[in-house]
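Okay, structure first, notes after.
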Amino acid sequence: MYVEPGIHLMQGDEAIVEGSLIAGCRFFAGYPITPATEIAERMSRRMPQVGGVFMQMEDELASILAIIGASWAGKKAMTATSGPGYSLMQEGLGYAVLTETPIVITDVQRGGPSTGLVTLPSQGDVMQARWGSHGDYGIIALAPSSAQDMFDLVIRAFNLSEEYRNPVVILADEVIAHVREPVKVPPLEEIKIVERRKPSVPPEEYIPYLPDPGEWVAPMPAFGEGYNMLVESVMHDEFGHRIGTDHAAAERTIKRVYYKIEKNVEKIAMYETELMEDAEIAVVSYGSTARTSLRAVREARKLGIKAGILRLITLWPFYDKIIEDIASQVKAIVVPEMNMGKIVREVERAAKGNAEVMSLPKVGGVLHHPDEVLSVIKKAAR
Amino acid sequence: MIPESEFENVLAKKYMRTEIMPHAFCPGCGLGIIERIILMAFEELGWDEWEKTVFVSGIGCSGWVPLYFRRDAAHTLHGRALAFATALKASRPELNVIVVMGDGDSMGIGGNHLIHAARRNIGITAIIATNMLYSLTGGQMAPTTPEGARTQTTPYGSIEPNFDLMELLKAAGATYLARWTTYHFMQAKNSLKKAVKHKGFAAIEILFQCPTYAGRYILNKPDPRDMLQWFKENSVPLTVAKKKDPEELKGKILVGEFLHRTDRVEYTEKLKELEKRAKGG
Ligand SMILES: Cc1ncc(C[n+]2csc(CCOP(=O)(O)OP(=O)(O)O)c2C)c(N)n1
Ligand code: SF4
Ligand SMILES: [Mg+2]
């Protein structure tokens with residue numbers, strides 16, 4: 001049923017499919033789009049083998065609503081898309097946020113704007129992932145850097161989506177989706193899987209959007225289980241009843257869907273550091289860019305420059321503290337990104353002027369060459 | 001049997017979230033009759049069917065209809081109810097999934113999902129509440145607005161022809177189709193009972209009176225009773241219509257059961273077969 005434990009040579013999109021099945025994903029809806037199509041194709045083969053449902057929908061507007069519907073049917077559900085499709089999904093994503101529906105969305109980023117650079121990688125959607133839907137809300141976004149990450153992070157994404165009853169976005173890119181690398185699949189019993197918390201009280205006592213004491217979200221029943229849910233896209237109170245002009249109730253709901261993510265940043269944030277102990281120059285990087293950045297940092301060390309790397313795995317919620325710490329240690333932070341400079345704004349904000357922050361943008365659908373990163377490290381070291 | 005005089009009271013207590021009532025609907029709005037049609041159908045289908053039933057709706061005045069029922073309900077986004085419902089049905093084929101949409105919701109912004117749900121012949125019951133315009137936003141043109149009608153966005157009269165939902169869905173692949181008005185609530189209830197039991201995509205269009213906008217702007221009949229009278233006088237049963245020539249039927253509302261096919265396999269049945277094939281069985 002699942003891929004055998006052990007080391008497999010896998011493509012990124014294969015790893016994400018196998019990881020999601022192990023995480024418990026049993027519904028996939030999607031619409032073909034390069035470079036995410038392979039995920040849908042593989043899902044169409046694999047999903048029915050594990051007793052799940054694969055559906056090719058009529059568009060991405062339908063795909064995202066379908067996974068929300070499947071989630072309320074009691075299934076873990078995912079979609080995968082790229083820029084144009086991800087843009088179409090933004091309204092639906094907001095619906096999932098306000099109704100606190102666990103779903104996973106994989107955006108295999110390609111170059112934009114518009115139809116853009118169909119087959120080439122980009123990190124242009126990182127701000128869209130945070131702010132793409134209207135209104136105020138919290139979101140979790142993870143950035144894989146390898147095929148192994150695709151496997152591990154999709155499991156983590158499903159776990160987080162269940163724990164926080166929130167959409168989780170995987171911000172992959174064309175390079176990571178297509179790279180073929182060894183992927184270690186641990187024995188099933190070693191993989192942590194979070195299952196949905198179901199109400200333990202009878203329907204009369206259940207309040208659908210009121211978290212239990214000490215919790216951030218309420219338990220979630222499925223449709224047809226007798227809890228008479230109101231999955232309400234209109235601003236609602238704890239009962240799911242729509243709010244007319246009850247400003248206080250609206251404020252409570254909005255703040256909760258915002259803070260349940262933002263205030264748990266310490267628990268949600270994942271990152272890796274290398275060569276940072278004595279570093280004077282830090283490269284802050286994520287996704288496929290972290291691969292070239294690591295190479296550049298190692299080259300710099302060979303030249304006697306004390307460089308290190310922080311790889312952000314969780315992009316959202318943004319973990320200010322790790323940047324603050326690094327800014328107080330190093331003299332400069334270099335931020336290479338495959339966009340015109342987006343996460344660098346967050347880095348600058350969190351660094352609070354304690355270190356010089358240098359943006360290294362790259363657009364046009366090509367990874368930075370390690371030498372490009374190295375030359376900025378050298379400049380920073382001078 | 002519930003005595004007629006007690007009907008409203010008993011139905012409301014048995015089926016509705018009385019704690020959030022009265023409705024947000026305008027006085028005399030036909031959406032209350034649509035709620036009653038649904039509850040009367042389930043009163044006859046029985047409690048077991050009701051317990052298997054879940055609702056999905058879109059955004060519009062019509063989208064509020066199922067939110068008053070004490071059942072699971074998803075009030076989705078404008079136009080997207082069927083996409084949510086499709087996945088719900090595909091994941092839980094044992095549930096009766098009933099989708100309530102406005103005419104703009106289903107045929108305007110959600111038109112793509114509508115034709116594809118019909119094409120898949122997925123076992124959903126769609127109740128399409130037609131009032132010939134967009135009412136929640138204040139009376140603008142809908143894809144069902146009659147050509148020539150004045151609305152808030154067609155001040156000189158609409159120059160667009162309107163959709164015929166029955167023809168549209170017949171071509172798209174639906175397998176049960178009926179159209180009634182709120183004047184024909186008994187017939188609508190009977191069609192709804194059939195639709196719920198039908199294995200395949202079933203759609204019932206119910207023309208209802210929106211006195212506030214359609215009554216004032218399109219029909220010049222702000223009194224809901226006049227609108228019901230207009231439905232009565234302007235609707236022609238299909239059986240009668242067959243004997244008339246097209247000229248005589250211009251501007252009339254054809255009502256009746258338009259289609260009942262049993263030759264197409266329902267989508268979730270096919271899903272089960274597909275799963276067997278995938279598992280090598
Ligand atoms: C994406 C989006 N566009 C526009 C709207 C505004 N809007 C809300 S309801 C509606 C039209 C409703 O008309 P209809 O579906 O016919 O339902 P009715 O109110 O007439 O029952 C519109 C345009 C919205 N909520 N979402
Ligand atoms: S505006 Fe029209 S459709 Fe909406 S509640 Fe009022 S009468 Fe009913
Ligand atoms: Mg309407």
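Chain letters run A, B, ... following the sequence lines, proteins first and then strands; every chain starts at 1.
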Notebook entry, point to check: Regarding B/R70 and the six-membered ring of B/W50, is the cationic atom NZ or CZ under 6.0 Å from the ring centre and inside 45° of its axis?
Noted result: no

Chain B heavy atoms under 4.5 Å from [X]: which part of the residue, side chain, backbone, both or neither?
{"X": "A/F27", "value": "side chain"}
{"X": "A/A77", "value": "neither"}
{"X": "A/A29", "value": "neither"}
{"X": "A/R242", "value": "side chain"}

Check: Do the rings of B/F84 and A/F223 sit parallel, tilted or perpendicular, given the 30° and 60° boundaries?
Finding: tilted

Check: chain B: which of A/K75, A/M55, A/H241, A/M57 shares the most heavy-atom pairs with it under 4.5 Å?
Finding: A/M55

Margin query: Using a 4.5 angstrom heavy-atom cutoff, name the option from A/F54, A/F239, A/W72 with the most pairs to chain B.
Written below: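 Greatest number of close heavy-atom pairs with chain B: A/W72.
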
Mind ranking [options] by heavy-atom pairs under 4.5 Å with chain A and telling me who comes out on top?
{"options": "B/L95, B/V56, B/T86, B/T76", "result": "B/T76"}
{"options": "B/L67, B/T53, B/L77", "result": "B/L77"}
{"options": "B/S91, B/A73, B/A83", "result": "B/A73"}

Segment of [X] engaging chain A (4.5 angstrom heavy-atom cut-off):
{"X": "B/I20", "answer": "side chain"}
{"X": "B/R120", "answer": "side chain"}
{"X": "B/F55", "answer": "backbone"}
{"X": "B/I59", "answer": "side chain"}

Side-chain ion pair, [X] and [Y], N-O less than 4.0 Å:
{"X": "B/K170", "Y": "B/E167", "value": "yes"}
{"X": "A/E163", "Y": "A/R197", "value": "no"}
{"X": "B/E44", "Y": "B/K193", "value": "yes"}

Checklist line | Flag for B/E205-B/T130: side-chain donor and acceptor within less than 3.5 Å | finding: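 There is such a pair (donor and acceptor under 3.5 Å, judged by atom type) between the side chains of B/T130 and B/E205.
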
Check: Side chains of B/H78 and A/E91: do they bring a donor and an acceptor to under 3.5 Å?
Finding: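 No, A/E91 and B/H78 have no side-chain donor paired with an acceptor closer than 3.5 Å.
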
Check: Any chance the rings of A/Y137 and A/Y258 have centres within less than 6.0 Å?
Finding: no

Notebook entry, point to check: For the ring pair B/F42 and B/Y15, is the centre-to-centre distance below 6.0 Å?
Noted result: no

